[in-house]
Protein chains: 2
Amino acid sequence: MSQFSLDDFLPYQLAVVSARVSREFSQIYAEHFDMTVPEWRVLVHLHNAGPVSIREIQARVDMDKSKVSRAASRLEKAGFLTKETNAEDRRLLKLGLTEQGYARMEQIIPLADEFEQRLLKRMGADTDAFRDTLLKLLKEDS
Amino acid sequence: MSQFSLDDFLPYQLAVVSARVSREFSQIYAEHFDMTVPEWRVLVHLHNAGPVSIREIQARVDMDKSKVSRAASRLEKAGFLTKETNAEDRRLLKLGLTEQGYARMEQIIPLADEFEQRLLKRMGADTDAFRDTLLKLLKEDS
DNA sequence: TTGACATCGTTGCATTTGCAACGATACAAT
DNA sequence: ATTGTATCGTTGCAAATGCAACGATGTCAA
């Protein structure tokens, strides 16, 4: 009879830690603002990259395009971003932050930084090695 | 104006890696058998721990009790486990693997082992340190 | 030009999810 | 015994999710 411990199973460990960390962080900003993880990701990317299409966000932020689309619609209705069609390729949208969108990010980013600092403190000195290993896991196949 | 890179944000990195790894693994066994992640977790725990309650699984496997309950019902209908009420405390159930349930685990566990070996190979030598750091992230507060 | 094919963003739909009831059972205090 | 409180597993429900259409637009070749 084979032995197998779920506790030591790497995919399980990753899932548990990721879910807990993500939950912890989302509680921080859900407490102050009303925002979901997809919305947070869309706003962050727009804040960094400037006006881009749904497709571009989808690729850079690891979310299905329908998820990006719906998050963008909610954010538009809430006044954090605007949609306009790209004049050069009218299939594309150009999403851009509004003043209010920038202001909101300026409020949240410090909270994100602070949260990450707390995580790093928990992790101790091994931070860089940990991140490197994490990225190795993304490599396909083999 | 503050700078913030989602790519370097630890909760995001964790979420992406975890989702990818989990997806990759679930494809492996969804290809051979018809099973979801919650069902896999329930079966694994029963395989290790013997007959236990829903509550026990919930605590040890990091899932909401409704999730455990529904997974257990599906597994019961599929013939992989049985439910009986605990005689000493009739609020509790006692879930136990059937012959078929054991057989299914004996099929899947080798696939899980093989998959983990592939992950470890990707990660290189830093495996142990990585796991340690991962667990540190679970420590509450501060 | 036309036609075949690809890509964009949205939406419909079935499934899954988290959360809050709920009934049933246990237990402790009076 | 009765009452109040806690815990168990299930279920209802609203929201979120992934996936596959779909219409609209672009591209390229004949």
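Residue numbers start from 1 in every chain, and the chains themselves are labelled A, B, ... in the order their sequence lines are given, proteins ahead of strands. These numbers were taken from a predicted model, which means no experiment stands behind them.
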Next on the checklist: Test of understanding: clusters of I, L, V, M, F, W, Y form through side-chain heavy atoms closer than 4.5 Å, transitively. Do V42(B) and L92(B) belong to the same one?
Outcome noted: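 No; tracing contacts between hydrophobic side chains, which count when under 4.5 Å, never links both residues.
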Check whether any side-chain nitrogen or oxygen of [X] sits under 4.0 Å from OP1 or OP2 of [N], and answer yes or no.
{"X": "R90(B)", "N": "dT25(C)", "value": "yes"}
{"X": "K94(B)", "N": "dC8(D)", "value": "no"}
{"X": "K67(B)", "N": "dG18(C)", "value": "yes"}
{"X": "S69(B)", "N": "dT10(D)", "value": "yes"}
{"X": "S53(B)", "N": "dG9(D)", "value": "yes"}
{"X": "R55(A)", "N": "dC8(C)", "value": "yes"}

Checklist entry - For DNA chain D, whose closest nucleotide is more 5', that of D89(B) or that of R74(A)? => result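 With D89(B) and R74(A) compared, the 5'-side residue is D89(B).
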Checklist entry - When the nearest nucleotide of DNA chain D is assigned to K65(A) and to K83(B) on a heavy-atom basis, which residue is associated with the more 5' position? => result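 Result of the comparison: K83(B).
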Item to check | Nucleotide dG9(D), atom P - distance to CD of E76(B) in whole Å | outcome: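 Taking CD of E76(B) and P of dG9(D), I get 14 Å after rounding.
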Next on the checklist: Whole angstroms only, please: what is the CD-P distance between E88(B) and dT25(C)?
Outcome noted: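 Value for this atom pair: 16 Å.
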Item to check | Worked check of ring pair (Phe, Tyr, Trp, His ring centres under 6.0 Å) between W40(A) and F80(A) | outcome: CA-CA 11 Å; W40(A) 150 257; F80(A) 294 120; over 10 Å; no
Item to check | R60(B), CZ: over 12 other non-hydrogen atoms inside 6.0 angstrom | outcome: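 No - once you tally the heavy atoms of other residues, nucleotides and ligands closer than 6.0 Å, there are 12 at most.
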Checklist entry - Of all the nucleotides listed (dG18(C), dT10(C), dA16(D)), which has the minimum atom distance to the side chain of S66(B)? => result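 Of all the options, the side chain of S66(B) is nearest to dG18(C).
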Next on the checklist: Of the listed nucleotides (dT17(C), dG9(C), dA26(C)), which one gets closest to any side-chain atom of R91(B)?
Outcome noted: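 In terms of side-chain proximity for R91(B), the closest of dT17(C), dG9(C), dA26(C) is dA26(C).
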Item to check | Student check: side-chain heavy atoms of F33(B) and I28(B) closer than 4.5 Å | outcome: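 F33(B) vs I28(B): side chains apart.
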Item to check | Position toward the 5' end of DNA chain C (nearest nucleotide), D64(A) or R23(A) | outcome: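 Upstream on the strand: D64(A).
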Next on the checklist: Between dG18(C) and R70(B), counting only base atoms on the nucleotide and side-chain atoms on the residue, is there a donor-acceptor pair under 3.5 Å?
Outcome noted: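 Checked by distance alone, the answer is yes.
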